[in-house]
Visitor: 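This is the structure I want to talk about, given as structure tokens.
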Protein chains: 2
Amino acid sequence: MGASKTDSFTEGQQAIASIAKALGHPARVAIVEYLLKVDGCICNDIVDKLPLSQATISQHLRALKDAGLIKGSIEGNAICYCVEGKTVKRLQSYIAGISAKLTAKGTECC
Amino acid sequence: MGASKTDSFTEGQQAIASIAKALGHPARVAIVEYLLKVDGCICNDIVDKLPLSQATISQHLRALKDAGLIKGSIEGNAICYCVEGKTVKRLQSYIAGISAKLTAKGTECC
DNA sequence: TCGTAATATCGCAATATTACGATCACCATA
DNA sequence: TATGGTGATCGTAATATTGCGATATTACGA
């Protein structure tokens, strides 16, 4: 035993967890930041920007895509990736919800 | 090789990644939600609420505490955990920043 | 001080992640 | 049809996570 007991939690909890997990590695945070900075949402210049191999970056891109945080469309013989606003907003409103409940509560208890 | 190449990224990226990673498991999302729901921020009723052993929950609590997402104070012979607003707000404003940059950009490119 | 409830930690097994080199597949264009 | 650039995938090694039972540890009350 020891595998992720992922079922036995709600859909919502799993959905948030999987988005958060995708952002749970500095390389992927860096990739998202890069995609935001580059205005054209260009593709694999990323390989030159990060100290990781092409294979590894491709894996991270896949993780981000699986989580719905980015999407890519074929653009000639390259691929154009960009951040998917919908998913970002979903995470954003979830965190905002937590934050709101906290301030509604008033004092932090401990 | 194969270990996390975590260095070679900025402090900020690592900080966000570690907070996000802490939320990257449904059990931990569930724990945070529970701590928000319970008004008194009570301790280990959690063991009864989740289908996980006490040892496992204690581990998840530690992960959340290490990430700064919760804090605990000793309360008699029990422990009172609660969500740490400061860290939630940090994540919140980071995600809001991404979201803002996206809408500033106008159309999603791909 | 003894017993008991609440937590933390240790040690282990199962599984997942991270990273890379080596290919493979695809498309454009020479 | 070759050739080169772009990206995905495979195989593999190193490491991390997840989960649990067993065992501390700590604090309270009898």
Visitor: Does D:dG7 have its OP1 or OP2 closer than 4.0 Å to a side-chain nitrogen or oxygen of A:S58?
Guide: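 A:S58 to D:dG7 OP1/OP2: no side-chain N or O under 4.0 Å.
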Visitor: Which one is paired to D:dC28, where only Watson-Crick or G-U wobble pairs with both distances under 3.5 angstrom count?
Guide: C:dG3
Visitor: Applying side-chain hydrogen bond (donor to acceptor under 3.5 Å, both in side chains), which residue pairs with at least one partner in residues 72-83 of chain A are found, sequence neighbours left out?
Guide: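 Every candidate side-chain hydrogen bond (donor to acceptor under 3.5 Å, both in side chains) pair involving residues 72-83 of chain A fails, so no pair, neighbours aside, qualifies.
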Visitor: Would you indicate what A:I74 reaches in the nucleic acid, counting non-hydrogen atoms under 4.0 angstrom: base, sugar-phosphate, or nothing?
Guide: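 Nothing: the residue A:I74, judged by heavy atoms under 4.0 Å, touches no strand.
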Visitor: Given atom CG of A:N44 and atom P of C:dC26, what is their separation to the nearest angstrom?
Guide: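 Roughly 19 Å, once rounded to whole Å.
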Visitor: Can you figure out which of D:dT18, C:dA19, D:dG21 approaches the side chain of A:H60 most closely?
Guide: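 Selected nucleotide (nearest to the side chain): C:dA19.
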Visitor: When you check the phosphate oxygens OP1 and OP2 of D:dG19, does a side-chain N or O of B:S53 lie under 4.0 Å from one of them?
Guide: no
Visitor: Do A:Q54 and D:dA8 share a donor-acceptor pair, side chain to base, under 3.5 Å?
Guide: yes
Visitor: OP1 or OP2 of C:dA8 versus the side-chain N and O atoms of B:R62: is any pair under 4.0 Å?
Guide: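 Answer no for this pair, as no side-chain N or O of B:R62 is under 4.0 Å from OP1 or OP2.
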Visitor: Counting side-chain heavy atoms from CB outward, which of C:dT9, C:dC20, D:dT17 is closest to B:K21?
Guide: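 The answer is D:dT17.
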Visitor: Just name whichever nucleotide pairs with C:dC27, Watson-Crick or G-U, keeping both distances under 3.5 Å, else none.
Guide: D:dG4
Visitor: Testing the 3.5 Å rule here: is there a donor-acceptor pair between the side chains of A:T87 and A:E84?
Guide: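 No donor-acceptor contact under 3.5 Å links the two side chains.
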Visitor: Kindly determine whether B:K21 and A:K21 satisfy side chain to side chain contact (heavy atoms under 4.5 Å, CB included), including the steps that lead there.
Guide: CA-CA 5 Å; B:K21 188 174 188 176; A:K21 188 175 188 175; over 6 Å; no
Visitor: Restricting to non-hydrogen atoms, name the atom on A:A22 and the atom on A:L69 that form the minimum distance, rounded to 0.1 Å.
Guide: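 Shortest heavy-atom contact: CB-CD1, 3.8 Å.
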Visitor: Output the single nucleotide from C:dA8, D:dA27, D:dC20 whose closest atom is nearest the side chain of B:N77.
Guide: D:dA27
Visitor: Starting at CG of A:L52 and ending at P of C:dG21, how long is that distance when rounded to a whole Å?
Guide: 11 Å
Visitor: Which one, C:dT7, C:dC20, C:dA8, comes nearest to the side chain of B:A78?
Guide: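 Of all the options, the side chain of B:A78 is nearest to C:dT7.
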Visitor: Under 3.5 Å, is there a donor-acceptor pair between the A:Q13 and A:T10 side chains?
Guide: yes
Visitor: Among the nucleotides D:dG19, C:dC20, D:dA8, which one has an atom lying closest to any side-chain atom of B:T56?
Guide: D:dG19
Visitor: Quick one: is A:Y81 getting a side-chain N or O under 4.0 Å of the D:dT6 phosphate, OP1 or OP2?
Guide: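 Checking A:Y81 against D:dT6: no side-chain N or O falls below 4.0 Å of OP1 or OP2.
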Visitor: Is B:Q59 side chain donor-acceptor paired with the C:dA8 base, going by distance under 3.5 Å alone?
Guide: no
Visitor: Report yes if at least one side-chain N or O of B:R28 is closer than 4.0 Å to OP1 or OP2 of D:dT18; otherwise report no.
Guide: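 For D:dT18, OP1 or OP2 has a side-chain N or O of B:R28 closer than 4.0 Å.
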